[in-house]
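Written out below as structure tokens is the structure these notes cover.
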Amino acid sequence: MQNQIQEVLALTNRWVKRLSREKFSMLFTLVQPMLFWLIFFGSLFQRAADVNVVQAPNYISFLAAGVVVMTVLNNGLAGGVDLLFDKENGFLERLMATPIRRSSVILSRFLFVMAITAMQILVILGVAFFFDVRPETGILGIAVILCIGMLFGVGLTAISMAMAFSVKSHGDFFSVLGFLSLPMIFLSSALVPLSAMPGWMQALAALNPMTWVIDAVRPLILIGWEAAIPQVMIALGVLVVFDALCLYGGAKAFRKTVG
Amino acid sequence: MATSSVAIEVTGLSKTYDSLTAVQDLSLTVQTGEIFGLLGPNGAGKSTTLRILITTLKPTSGKATIFSHDVEAEADTVRQLIGYVPQERAIDRFLTGREHLLLLGDLYHLPKEEAVRRIQELLKLVDLEDHADRVAKTYSGGMKRKLDIACGLLPNPKVLFLDEPTLGLDVQSRLNVWDYVRRLRDQGMTIVMTTNYLDEADQLCDRIAIIDGGTIRATGSPKELKAGLGGDGVSLTLREGDPGVHEQLTEDIKGLPFVRSIRSRERGLDIRVDAPEKALPALFEATNRIGCHIESIEYHRPRLDDVFIHYTGRSMADASSSSDSESAG
Ligand SMILES: Nc1ncnc2c1ncn2[C@@H]1O[C@H](COP(=O)(O)OP(=O)(O)O)[C@@H](O)[C@H]1O
Ligand SMILES: [Mg+2]
């Protein structure tokens with residue numbers, strides 16, 4: 001146990017060092033969540049969105065939940081990229097030839113991606129605060145948002161790592177990534193509420209775990225505990241199933257690659 | 001030499017990727033404290049064999065043990081005994097040389113002070129002290145290789161595996177690598193390396209296995225393998241083209257103890273001899289006796305390439321240039 005903690009911390013430390021030295025990606029990591037806001041703050045959307053349709057004081061406050069969860073999505077789906085490069089350049093093999101527990105590499109990645117995601121969520125909520133969007137459920141609500149975000153992130157990161165381990169080339173990885181992330185966003189309640197979608201879209205969006213996650217985060221920000229608690233319960237149920245499936249698939253792909 | 005003990009035992013090892021058989025029924029034994037080389041062209045199955053030995057790849061069938069620990073069943077124990085220097089420069093561009101070693105120090109759970117001391121020693125050994133705190137993307141190919149070797153040595157392994165350690169290095173860096181490897185062997189470490197350089201196998205390795213198409217074609221010390229061909233080559237060219245003279249000369253010398261084989265050419269004879277210092281005077285004497293005149297005489301030691309040709313039916317250079325088209329097919 002002691003040993004595994006040492007391994008995971010050493011490996012996580014490596015991810016942190018890498019990020020801090022990749023100037024471009026460091027900047028991107030910090031700025032990306034704000035970019036979302038800048039784009040959507042464009043008065044175009046502000047005016048285009050009908051306050052009655054989104055059922056929120058303004059579009060920004062409606063969008064806050066979607067932006068939080070989209071950030072989780074982006075981080076999670078990209079979470080396997082560094083392992084993909086490690087696999088391709090042989091670094092992963094070097095690690096696997098050492099007597100570490102096989103799971104340490106994976107755990108370090110989860111830890112790192114979750115830490116970054118949590119930080120970004122806080123940045124987003126900070127920017128929202130600046131635009132007068134204050135979570136109705138307060139600090140505790142923010143903690144619940146972080147928990148839900150992490151739970152969703154774990155499953156997504158597992159998918160990403162599973163892909164990293166099973167793809168033949170990194171070209172494949174990025175095509176699948178692009179193929180996954182756009183529909184996940186558009187077929188969810190991130191940008192418009194389900195009630196404003198055509199029937200077929202509603203049906204597809206209801207199958208998207210992201211919808212349930214957003215629908216739990218949104219009342220935590222906009223309405224208050226009473227409306228949020230049932231949604232949070234549903235989201236937790238959805239996420240338990242989602243994570244179980246993703247982790248199972250991820251573990252299988254990992255075992256196939258590294259034994 | 002004192003009684004040697006077995007470090008690595010491989011029996012009937014095979015590995016099939018999808019439909020391609022990369023290694024087939026491979027068996028070999030590596031003795032403790034020797035430099036053992038796997039010599040073969042690209043695609044021969046060298047890296048595949050090494051990966052099975054370092055536990056990162058599961059064999060399709062067969063068995064391999066390192067100090068009698070099975071690489072599959074006791075992978076964790078095996079990993080404690082080995083160091084690995086991969087073929088690719090498996091370096092993190094964003095970490096410094098020292099950070100690579102500190103990371104590995106944590107992964108091997110070396111006590112902090114010991115790790116720091118060892119890292120300093122290793123950086124000195126591979127002559128990277130002055131560059132230890134620069135990120136690896138600023139390193140030259142030779143420096144990356146040195147760092148790779150330091151990484152492989154950090155756990156103070158009983159067996160060090162090196163996959164094509166001098167591939168693409170300049171002459172000086174290559175000689176440095178040879179020098180480290182010899183020093184490690186002299187300290188008692190067992191070394192297993194792969195190479196597709198004949199001269200490297202010849203000069204550095206104590207014993208080699210020639211591998212081609214996933215199977216081992218011959219095993220032995222470079223000296224034994226070359227001697228096994230039937231000695232050094234002597235080519236006599238005679239002034240007289242008379243076949244009678246050739247026959248006469250062949251008759252006279254074929255009984256000599258150090259003559260292994262004789263092949264007649266149009267203007268002379270190709271003779272394989274065991275001991276050139278005895279053979280050459282005797283050959284002169286024989287030609288003098290029957291009064292024929294030597295126009296020229298050429299003598300060469302057998303080369304490892306001759307051995308490779310003998311066991312695989314093609315020269316190393318041909319094998320390497322054809323393997324690309326083979327693996328593409
Ligand atoms: N992961 C892999 N998947 C499929 N084929 C592979 C894989 N690794 C190696 N091969 C094939 O196995 C053969 C032996 O490869 P390798 O062991 O790398 O040879 P060497 O190291 O001697 O150049 C080659 O034909 C190579 O294309
Ligand atoms: Mg190779």
Side-chain angles (χ1 to χ4, degrees), chain A residues 1-27 29 81-109 111-112 165-166 168 170 252 254-259, chain B residues 18 47 50-59 71-72 74-96 98-112 115 134-138 144 147-148 151-152 154-155 157 159-161 163:
Chain A
M1 190 63 192
Q2 194 74 44
N3 279 353
Q4 178 147 31
I5 291 172
Q6 188 184 15
E7 290 161 11
V8 173
L9 288 182
L11 291 165
T12 309
N13 186 22
R14 170 176 169 235
W15 303 126
V16 174
K17 281 212 184 85
R18 275 180 70 101
L19 181 65
S20 68
R21 283 173 200 171
E22 276 179 286
K23 294 284 177 302
F24 179 75
S25 109
M26 179 73 176
L27 198 71
T29 305
V81 175
D82 288 61
L83 288 180
L84 178 69
F85 290 132
D86 273 3
K87 184 182 89 170
E88 287 187 344
N89 77 15
F91 204 91
L92 183 65
E93 178 160 61
R94 182 199 283 294
L95 296 179
M96 288 306 161
T98 70
I100 55 171
R101 279 143 207 77
R102 309 290 92 183
S103 56
S104 293
V105 174
I106 301 292
L107 289 176
S108 75
R109 201 61 208 162
L111 193 63
F112 174 73
F165 289 125
S166 27
K168 287 265 183 282
H170 64 254
K252 236 172 116 167
F254 181 62
R255 220 164 284 141
K256 212 174 145 202
T257 317
V258 301
Chain B
D18 301 323
S47 298
L50 225 58
R51 291 195 166 111
I52 294 172
L53 292 176
I54 61 159
T55 76
T56 59
L57 192 67
K58 288 215 157 55
V71 296
E72 278 189 277
E74 298 167 88
D76 226 48
T77 314
V78 168
R79 290 178 192 129
Q80 310 268 8
L81 300 172
I82 61 167
Y84 173 49
V85 180
Q87 176 175 1
E88 308 92 359
R89 310 257 148 75
I91 299 281
D92 187 330
R93 314 168 52 235
F94 294 102
L95 297 188
T96 67
R98 195 187 306 278
E99 284 166 350
H100 277 85
L101 294 163
L102 285 168
L103 170 65
L104 288 169
D106 277 335
L107 299 185
Y108 284 102
H109 308 293
L110 301 183
K112 193 76 189 168
R134 273 167 43 191
V135 289
K137 69 175 161 191
T138 65
K144 285 182 183 163
L147 175 56
D148 262 336
C151 287
L154 185 75
V159 188
L160 182 67
F161 292 92
D163 201 354

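Everything numeric here is computed off the predicted structure, so don't read it as measured data. Lettering of chains follows the sequences in order, A, B, ..., and the numbering in each one begins at 1.
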>> Looking only at heavy atoms and a cut-off of under 4.5 Å, which of B:Ile91, B:Ile82, B:Thr55 has the most pairs with chain A?
In response: B:Ile91

>> Just so I understand: if I count every heavy-atom pair under 4.5 Å between each of A:Gln2, A:Arg18, A:Met96 and chain B, which residue has the most?
In response: A:Arg18

>> Among B:Val78, B:Leu107, B:Thr77, which residue has the highest count of heavy-atom pairs closer than 4.5 Å to chain A?
In response: B:Leu107

>> Taking side chain as everything from C-beta outward and backbone as N, CA, C, O, which of these in B:Glu99 sits under 4.5 Å from a heavy atom of chain A? Side chain, backbone, both or neither.
In response: side chain

> Roughly how far apart are A:Ile5 CD1 and B:Asp106 CG, rounded to 0.5 Å?
Replying inline: 13.0 Å

> In terms of heavy-atom proximity below 4.5 Å to chain A, should B:Leu102 be classed as side chain, backbone, both, or neither?
Replying inline: neither

> What is the distance from atom CG of B:Leu57 to atom OG1 of A:Thr257, rounded to the nearest 0.5 Å?
Replying inline: 11.0 Å

> How many angstroms lie between atom CG of A:Asp86 and atom CG of B:Asp92, to the nearest 0.5 angstrom?
Replying inline: 7.0 Å

>> If you compare all heavy atoms of A:Pro99 against all heavy atoms of B:Tyr108, which two are closest, and at what distance to 0.1 Å?
In response: CD-CE2, 3.1 Å

> What part of B:Val135 gets closer than 4.5 Å to chain A, counting heavy atoms only: side chain, backbone, both or neither?
Replying inline: side chain

> Does A:Phe165 have any ring-ring contact (aromatic ring centres under 6.0 Å, His included) partners at least two apart in sequence or in another chain, and if so, which?
Replying inline: A:Phe254

> Could you state the interatomic distance from OH (B:Tyr84) to CZ (A:Arg94), rounded to the nearest 0.5 Å?
Replying inline: 8.5 Å

>> As an exercise, state the distance from OG1 of B:Thr96 to CZ of A:Arg21, rounded to the nearest 0.5 Å.
In response: 6.0 Å

> Residues two or more places apart in sequence or in another chain: which of them pass side chain to side chain contact (heavy atoms under 4.5 Å, CB included) with A:Ser104?
Replying inline: A:Gln4, A:Glu7, A:Val8, A:Leu11, A:Arg101

>> Distance check, rounded to the nearest 0.5 Å: A:Glu93 atom CD versus B:Thr56 atom OG1?
In response: 3.5 Å

